[in-house]
Amino acid sequence: MQTITCQSSLTITAKSTRQTLKNVKKTATKQAKKAVSSVKGGSNLGSTWYGPDRPKFLGPFSDGATPSYLTGEHAGDYGWDTAGLSADPETFARYREIEVIHARWALLGALGCVVPELLDGTNHVPWFKAGAQIFSPDGLQYLGVPGLINARSIIATLAVQVLLMGAVEGYRVNGGPAGEGLDPVYPGESFDPLGLADDPDSFAELKVKEIKNGRLAMFSMFGFFIQAIVTGKGPIQNLNDHLADPGANNAWAFATKFTP
């Protein structure tokens with residue numbers, strides 16, 4: 001019995017040692033990449049999208065129009081703040097976090113608005129009517145695939161969403177099983193299982209791509225809302241109508257209907 005116990009202990013110790021070595025190797029690799037990037041001048045401020053020579057909102061006419069507190073340190077900083085919303089550092093940090101989080105939601109939302117209208121399994125339902133299917137006898141079939149995810153109770157769905165999102169947001173902001181002392185905007189670690197942020201240069205570029213696409217997605221969501229109110233149709237149907245008759249189905253034609 002003692003021999004078996006010793007063998008089990010040795011096995012557990014060996015596995016623990018291998019895992020520790022893997023973690024040390026992973027950390028060392030990250031630090032080495034950061035060091036190489038620093039030597040090459042590949043930090044955020046050395047990138048095309050960062051620093052004083054980054055693209056600005058007025059292009060070549062931006063000299064003197066960019067506030068001194070917008071130094072190009074963060075992704076998506078084009079030097080535009082005519083209202084002075086970022087003059088206070090704490091307010092700027094808060095607004096930056098809010099923008100990134102809303103951008104991510106808009107990216108998911110824009111995809112979620114388009115997909116149901118494209119699928120035969122959902123009967124091409126527009127996004128503003130898709131949620132109502134949860135009250136139908138068969139419930140809401142995710143992606144129109146029976147049995148994949150079948151939501152029948154709005155109360156249960158809401159409860160699950162609140163619990164899951166509350167836990168994730170709590171860990172993101174305050175730390176927890178997913179990691180401690182993480183950046184609330186770009187937490188990394190357990191929130192980056194694919195290791196996309198391991199290379200500093202790639203990470204800096206991905207942050208720019210994320211905020212640029214996220215801002216576009218926020219405008220897209222606003223457009224989806226207005227289209228739904230004015231036309232009563234989804235974005236795909238509106239696009240098909242415009243392509244079929246551009247002269248009759250466009251923003252100007254709909255806007256003139258409301259003139260006296």
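Because only heavy atoms are used, hydrogens play no part in the values below, and waters and symmetry mates are left out as well, while side chains stay in.
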Query - Approximate separation, where rounding is to 0.5 Å, of Ile134 CD1 and Gln141 CD - result: 11.0 Å
Requested in this report: Could you tell me if the ring centre of His74 sits under 6.0 Å from that of Tyr50?
Outcome: no
Requested in this report: Look up atom OG1 in Thr91 and atom CD1 in Ile98, then write down how far apart they are to the nearest 0.5 Å.
Outcome: 10.0 Å
Query - Glu205, CD atom: more than 12 neighbouring heavy atoms under 6.0 Å - result: no
**Report entry** From Asn150 atom CG to Arg152 atom CZ, the distance as rounded to the nearest 0.5 Å
**Finding:** 4.5 Å
Report summary line: What one should report as the nearest heavy-atom pair of Ala106 and Gly214 is CB-O, 4.3 Å
Requested in this report: Would you sort out whether Leu158 and Val162 count as a side chain to side chain contact (heavy atoms under 4.5 Å, CB included), showing the intermediate values?
Outcome: CA-CA 6 Å; Leu158 179 62; Val162 170; 4.1 Å; yes
Query - Test log, rule side chain to side chain contact (heavy atoms under 4.5 Å, CB included), inputs Leu163 and Val160 - result: CA-CA 5 Å; Leu163 290 175; Val160 170; 5.9 Å; no
Query - Minimum heavy-atom distance Leu148-Leu143, with the two atoms named - result: CD2-CD1, 4.3 Å
Query - Counterpart residues, side-chain contact (heavy atoms from CB on, under 4.5 Å), relative to Ser202 (two or more places apart) - result: Asp199
Query raised in the report: Is it the case that more than 12 heavy atoms not belonging to Tyr142 sit under 6.0 Å from its OH atom?
Result: no
Query - Pro246 backbone acceptor or donor facing Asn249 side chain under 3.5 Å - result: no
Identify all side-chain donor-acceptor contacts of residues 228-236 below 3.5 Å with residues at least two apart in sequence or on another chain.
| unit_1 | atom_1 | unit_2 | atom_2 | d |
| --- | --- | --- | --- | --- |
| Thr231 | OG1 | Gln227 | O | 2.6 |
| Thr231 | OG1 | Lys233 | N | 3.2 |
| Thr231 | OG1 | Asn238 | OD1 | 3.2 |
| Thr231 | OG1 | Asn238 | ND2 | 3.3 |
| Lys233 | NZ | Asp241 | OD2 | 2.8 |

Query - Any donor-acceptor N/O pair, Asp192 side chain to Leu196 backbone, under 3.5 Å - result: yes
Query raised in the report: Got a second to check how far Met221's CE is from Leu107's CG, nearest 0.5 Å?
Result: 10.5 Å
**Report entry** Sub-4.5 Å side-chain heavy-atom contact between Thr66 and Arg54
**Finding:** yes
Query - Criterion side chain to side chain contact (heavy atoms under 4.5 Å, CB included) on Arg104 and Leu108, from CA distance to verdict - result: CA-CA 6 Å; Arg104 291 168 181 168; Leu108 291 172; 5.9 Å; no
Report summary line: Output for pair (Phe92 CZ, Leu85 CG), nearest 0.5 Å, gives 10.5 Å
Report task. Over all heavy atoms of both residues, which pair between Ala65 and Leu58 is shortest? Give the atoms and the distance, please. Result -> CB-CD1, 4.0 Å
Query raised in the report: Are Glu90 and Arg94 ion-paired here, with the side-chain N under 4.0 Å from a carboxylate O?
Result: no
Query - Criterion side chain to side chain contact (heavy atoms under 4.5 Å, CB included) on Tyr186 and Glu210, from CA distance to verdict - result: CA-CA 11 Å; Tyr186 305 102; Glu210 178 188 46; 3.5 Å; yes
Query raised in the report: Between the side chains of Arg215 and Asn213, is a donor N or O closer than 3.5 angstrom to an acceptor N or O?
Result: no
Query raised in the report: Rounded to the nearest 0.5 Å, how far does CG of Asn123 lie from CD of Glu117?
Result: 12.0 Å
Report task. Taking all heavy atoms of Pro55 and all of Thr48, pick out the closest pair and write down the distance. Result -> CD-O, 3.3 Å
Query - Test: Lys212 cationic atom under 6.0 Å from Trp49 six-membered ring centre, within 45° of axis - result: yes
Report summary line: Contacts satisfying ring pair (Phe, Tyr, Trp, His ring centres under 6.0 Å) that involve residues 225-244 (not counting sequence neighbours) are Trp127-Phe225
Requested in this report: Scan side-chain atoms only and decide if Tyr69 and Asp81 contain a donor-acceptor pair under the 3.5 Å cut-off.
Outcome: yes
